[in-house]
Each structure stands twice: as structure tokens, then as C-alpha cells.
Amino acid sequence: MPASSLLLLESDPASRGVIAGVLGGVGYAVTPVKDTAEVFTAAADHQLVIIDVVTGPRSAADICREIRSTPGLAAIPVLCISQADDVEDRIRFLEAGADDVMAKPFDARELEARVEALLVRFQRSREVGPGSVFEGKAHPTRRLITVFSPKGGVGTTTIAVNLAVVMGARRPGRTLLIDLDRQFGQVATHLNLKVRQTLADLVRDELGIREPELIRSYASHHESGLHVIPAPGSPELAELVQAEHVDQLLDTALQAYDQVVVDGGSHLDEPSLTALERADGVVFTVYPEIAALKALHSLLDVLAEVGSTGTKATFVLNNMFARDILKMSQIESALGTRVAVELPYDPYIYLKAVNEGVPVVLGAPRSAAAERLSRLASVAFDLENAPPAPVLADNKKTGRLGGLIRR
């Protein structure tokens with residue numbers, strides 16, 4: 001989410017320093033005030049009011065109630081901080097009109113998560129309120145896309161990252177990219193992200209993986225507006241992430257975000273299979289080589305046995321060679337379906353993007369590669385109500401290539 005301005009009513013210097021430090025450290029602009037009268041003059045210039053320790057004849061609940069009864073301030077979200085974990089205190093704040101209440105002592109991540117959840121909730125309510133008009137294509141029909149290939153090193157992460165950046169730019173703060181290449185995932189490298197917490201940290205937090213507000217606090221924020229949950233920091237941590245974790249993670253992520261992209265990597269196991277089964281759409285990277293096509297065909301056979309990829313599948317050909325080794329007609333015949341998007345060969349642009357940590361759609365937005373990747377996002381998320389890839393009628397007449405794949 002872009003930086004937001006927060007007004008903090010806090011009479012205690014120590015608490016003021018803690019709260020301002022936590023929220024300022026993650027990019028919020030925090031304006032602390034200690035005089036209750038200042039709240040009513042300054043609140044309209046901020047996107048959220050936080051009320052903690054209050055001195056004087058009026059209580060924190062009284063201030064909250066007055067904010068709610070002031071016409072010009074009624075639409076501003078208010079977070080109240082109770083001085084103890086007491087049910088009656090929380091009820092008192094809620095009856096006064098608080099939008100959320102949290103009790104001391106609190107964890108810094110919980111504070112971040114509650115603030116962000118309130119800002120998102122009120123932003124969305126403003127967007128869908130009276131007078132707001134959405135274009136029909138503004139919201140993707142598909143919400144969860146998994147990118148996968150049975151062969152590593154064919155551009156799966158490049159595709160996943162660029163898809164996610166395209167979607168993140170459309171809806172800042174509402175798109176999540178999950179790196180499920182658990183042993184050697186490089187999503188963070190592709191985005192030049194400074195990683196605070198990883199997928200391994202998240203799955204060890206039983207509450208965090210189940211609460212939409214908390215899952216957002218584990219995500220790293222990219223400047224494009226994309227949120228990212230990076231892969232575990234070392235291969236030995238990969239086993240911490242099991243299929244049941246992935247299943248719960250995707251459930252919670254779809255509550256916290258409008259769209260989710262999963263880099264499924266190239267290793268078919270229970271966690272990646274869960275991501276494939278749960279996906280609304282699957283993007284398969286096609287590598288123009290007989291052995292790789294044979295592996296992809298075998299994968300599709302396996303997936304057909306455990307469930308149907310059917311209309312969920314989108315195939316993207318990544319031209320890794322300077323000249324055509326296999327013709328498109330041969331590749332499509334071997335797969336038994338059409339390739340939706342063909343990424344152009346380029347000896348420089350993809351390598352530059354990875355080395356600099358700047359995705360192609362940001363670093364070279366006018367390039368043919370960026371145009372194709374943006375087109376792929378539209379197809380994968382069904383932004384243009386694109387029809388599913390049709391299956392070729394003549395699957396038996398495959399020629400030499402198809403014969404090799406089916407042996």
C-alpha cells in the first residue's frame with residue numbers, strides 16, 4: 001500500500017515513541033499529538049486516527065465518540081488502544097464508534113497489520129460507495145494464478161514476477177506474490193527486495209497463517225505496489241512448508257488480497273500440487289526442446305489423473321534460442337493445445353532484469369517482451385474474458401515430435 005498519513009493521539013512520551021517508531025519504520029507518516037483539541041483540527045488531513053493514552057476530563061472513548069459525531073470526520077477510521085486486555089474496555093470503545101480495538105501489550109506486527117487492514121477496508125469502501133464507477137475489466141475473474149514448469153531454468157520465476165508486478169500496478173497493495181520454490185526460490189532477487197520475513201517464518205506462526213490482517217504483516221512490499229512472501233532463506237528450511245500450510249495460506253491470502261500469484265517452481269510435490277489444484281488458472285512455461293516438452297506432457301498426464309487443469313491452463317512459449325529449433329505448429333501439436341503467448345528471444349533484456357532486480361515490465365516497459373508479458377497477465381487473469389486455449393482436434397496426427405513425447 002502506498003505511504004499513508006496517520007494521526008496519533010498519545011499523551012505518554014514512551015508509548016508515543018514506540019508506536020511512531022513501529023509505524024514510521026514501515027513507511028507510514030505519523031503525526032503525534034498530545035492535546036485532544038488538536039485531534040479535531042488535524043484529523044481531516046490524515047487517513048487514520050489512533051487513540052492511545054489520553055489525559056484530561058475526557059476519556060479516549062469520549063474522544064472517539066466525538067470524532068464519530070463530527071460530520072467532517074465521521075468517515076475517518078479510528079483505531080483505539082486499550083490499556084489492558086479487558087473485555088469491557090473493548091466493548092466501550094466499540095460502542096463509542098471505534099473501527100478496531102487492540103489491547104496492550106501488543107506485538108509490533110499486530111499493530112502494523114491492524115493499521116493496514118483498516119486502511120485497506122476503508123479504501124475499498126470508498127471505492128464501492130455511491131458515485132464510484134468501475135470499468136468491467138478492472139477486476140480479474142481469476143484470482144489465484146500458479147506459474148509452473150517441470151523443467152528448471154526456463155523463465156518460470158521471470159514470468160511469475162512480471163505477471164505479479166503487472167497486477168500489483170493495477171491494484172497497489174492488493175496483489176500478493178508467493179515464492180513456493182521452497183529450496184532455491186529467487187523471487188526476492190528478481191525484485192531486489194530486502195527480505196524481513198519469509199514463507200518459513202509465516203508457516204511457523206499458526207495465527208499468522210490464518211488471519212488475513214496478520215498475513216499482510218509478513219509480506220515484503222515492493223515499490224510497484226506488489227506484496228511478496230519470499231521463499232525460505234535456506235534449503236534446510238524448505239521442509240517446514242507442508243501441503244496443509246500451503247492450503248491454509250492460500251485460503252487466507254485470498255481473503256487478504258484481490259489477486260495472488262504463486263511461483264510454483266519446477267519440483268512437483270505435495271505443496272506445489274496443492275497450489276496447482278487450488279489455482280483458478282495455471283500458467284505453464286513451455287521450453288522449445290523435445291526433452292522439456294516430453295516432461296511437460298508427462299506432467300499434464302499426471303495432473304489429468306489427480307484433477308483437471310482443463311480450462312485453467314495457459315501455455316506461454318519462452319523462446320530461449322536465437323533461432324527456431326522447433327516450429328510453433330510442432331510444439332502445439334505435441335501439447336495438444338494452443339500456446340497463448342510467445343515471449344521473444346532476447347540475449348540481454350531478461351538477464352539485465354534479473355541482475356538489476358528490476359522486472360522487464362518496469363525496466364523496459366516499451367519492449368516487445370514487456371508487451372507480451374502484460375498480454376499474458378490479461379490472458380492468465382481473464383481480464384479481457386479471453387476464451388480458454390482450445391484443444392486441437394487432430395491429436396493423433398502428431399508426427400515425429402508428438403510420437404517422441406507419447407512414448
Side-chain angles (χ1 to χ4, degrees), residues 124 127 133-149 154-178 187 190-191 222-228 250 253-254 257-264 275-276 278-287 296 309-319 328 331-332 335 337-346 349-350 353 358-391:
R124 295 178 76 180
E127 289 172 348
V133 177
F134 285 112
E135 295 180 10
K137 297 177 183 177
H139 299 285
T141 313
R142 292 172 170 175
R143 300 184 58 211
L144 170 59
I145 298 296
T146 297
V147 186
F148 192 83
S149 171
V154 299
T156 300
T157 297
T158 291
I159 290 170
V161 166
N162 281 276
L163 287 186
V165 169
V166 169
M167 299 308 295
R170 286 172 172 264
R171 299 280 287 169
R174 304 302 306 163
T175 300
L176 176 67
L177 173 58
I178 302 172
V187 161
H190 280 240
L191 290 165
H222 187 254
E223 60 186 10
S224 65
L226 176 66
H227 287 193
V228 181
L250 296 179
L254 287 169
Y257 293 90
D258 291 340
Q259 53 255 349
V260 178
V261 177
V262 177
D263 180 357
L276 289 167
R278 290 293 307 273
D280 299 309
V282 180
V283 174
F284 292 108
T285 308
V286 179
Y287 184 71
L296 179 54
T309 55
T311 59
K312 299 198 308 183
T314 299
F315 296 89
V316 53
L317 174 62
N318 190 10
N319 282 302
M328 178 65 83
I331 294 170
E332 292 182 331
L335 296 174
T337 189
R338 299 289 185 193
V339 171
V341 176
E342 181 179 0
L343 300 183
Y345 168 78
D346 193 298
I349 194 171
Y350 304 108
V358 181
V360 173
V361 294
L362 295 179
R366 300 192 179 192
S367 65
E371 185 276 326
R372 300 288 179 84
L373 287 163
S374 297
R375 169 63 183 156
L376 178 60
S378 295
V379 173
F381 278 95
D382 200 22
L383 296 180
E384 300 176 1
N385 297 314
V391 176

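Residue numbers count from 1 along this sequence. Since the structure is predicted, the reported quantities are computational estimates derived from the model, not experimental observations.
- What you find for Leu177 and Ala160 is that their closest heavy atoms are CD1-O, 4.2 Å.
- Closest of all the heavy-atom pairs between Ala279 and Lys312 is O-NZ, 3.0 Å.
- Here the closest heavy-atom approach between residue His190 and residue Val161 is recorded as CB-CG2, 3.9 Å.
- One distance of note links OG1 of Thr156 with CG of Asn318; it measures 8.5 Å at 0.5 Å rounding.
- Taking both residues in full, the closest heavy atoms of Thr314 and Ala380 are given as OG1-CA, 4.4 Å, listed atom of the first, atom of the second, then distance.
- A donor-acceptor pair under 3.5 Å links the side-chain atoms of Thr146 to the main chain of Ala275, judged by distance alone.
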For Phe315 and Thr337: C-alpha separation, side-chain torsions, deciding distance, then whether side chain to side chain contact (heavy atoms under 4.5 Å, CB included) applies. CA-CA 8 Å; Phe315 296 89; Thr337 189; 3.3 Å; yes

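- When atom types are taken as modelled, the side chain of Asn162 and the backbone of Val361 share a donor-acceptor pair closer than 3.5 angstrom.
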Steps toward side chain to side chain contact (heavy atoms under 4.5 Å, CB included) verdict (Val260, Ile178): CA-CA 8 Å; Val260 178; Ile178 302 172; 3.9 Å; yes

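- Between Tyr350 and Val360, the closest side-chain pair of non-hydrogen atoms falls below 4.5 Å.
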Set out, in order, the CA-CA distance, both residues' side-chain angles and the distance that settles side chain to side chain contact (heavy atoms under 4.5 Å, CB included) for Val286 and Leu296, then state yes or no. CA-CA 8 Å; Val286 179; Leu296 179 54; 3.9 Å; yes

Stepwise side-chain hydrogen bond (donor to acceptor under 3.5 Å, both in side chains) check, Asp263 with Thr157: CA-CA 6 Å; Asp263 180 357; Thr157 297; 2.6 Å; yes

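- A heavy-atom distance below 4.5 Å is found between the side chains of Val261 and Phe381.
- When all heavy atoms of Leu254 and Arg278 are compared, the pair lying nearest together is CD1-NH2, 4.4 Å.
- Going from atom CG of Leu176 over to atom CG of Leu226 covers 7.5 Å, rounded to the nearest 0.5 Å.
- Partner Thr175 forms a side chain to side chain donor-acceptor pair (under 3.5 Å) with one of Arg143, Gln259, Arg170 and no other, that one being Gln259.
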Go through the steps to decide whether Leu373 and Leu163 satisfy the test side chain to side chain contact (heavy atoms under 4.5 Å, CB included), and finish with yes or no. CA-CA 7 Å; Leu373 287 163; Leu163 287 186; 5.7 Å; no

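- Salt-bridge annotation for Arg171 and Asp258: present, with a side-chain N of the basic residue lying under 4.0 Å from a carboxylate O of the acidic one.
- With hydrogens and angles ignored, the 3.5 Å screen pairs a side-chain donor or acceptor of Asp280 with a backbone N or O of Leu144.
- Considering Val147, Leu250, Leu276, Val283 in turn, Leu250 is the only one that fulfils the side chain to side chain contact (heavy atoms under 4.5 Å, CB included) rule with Val262.
- The CZ atom of Arg174 lies 12.5 Å from the CE atom of Met167; values are rounded to the nearest 0.5 Å.
- Residues Pro365 and Gly363 come closest through the heavy atom pair CD-C, 3.5 Å.
- Judged purely by atom type and a 3.5 angstrom limit, Asn319 uses its side chain to pair as donor or acceptor with the backbone of Leu343.
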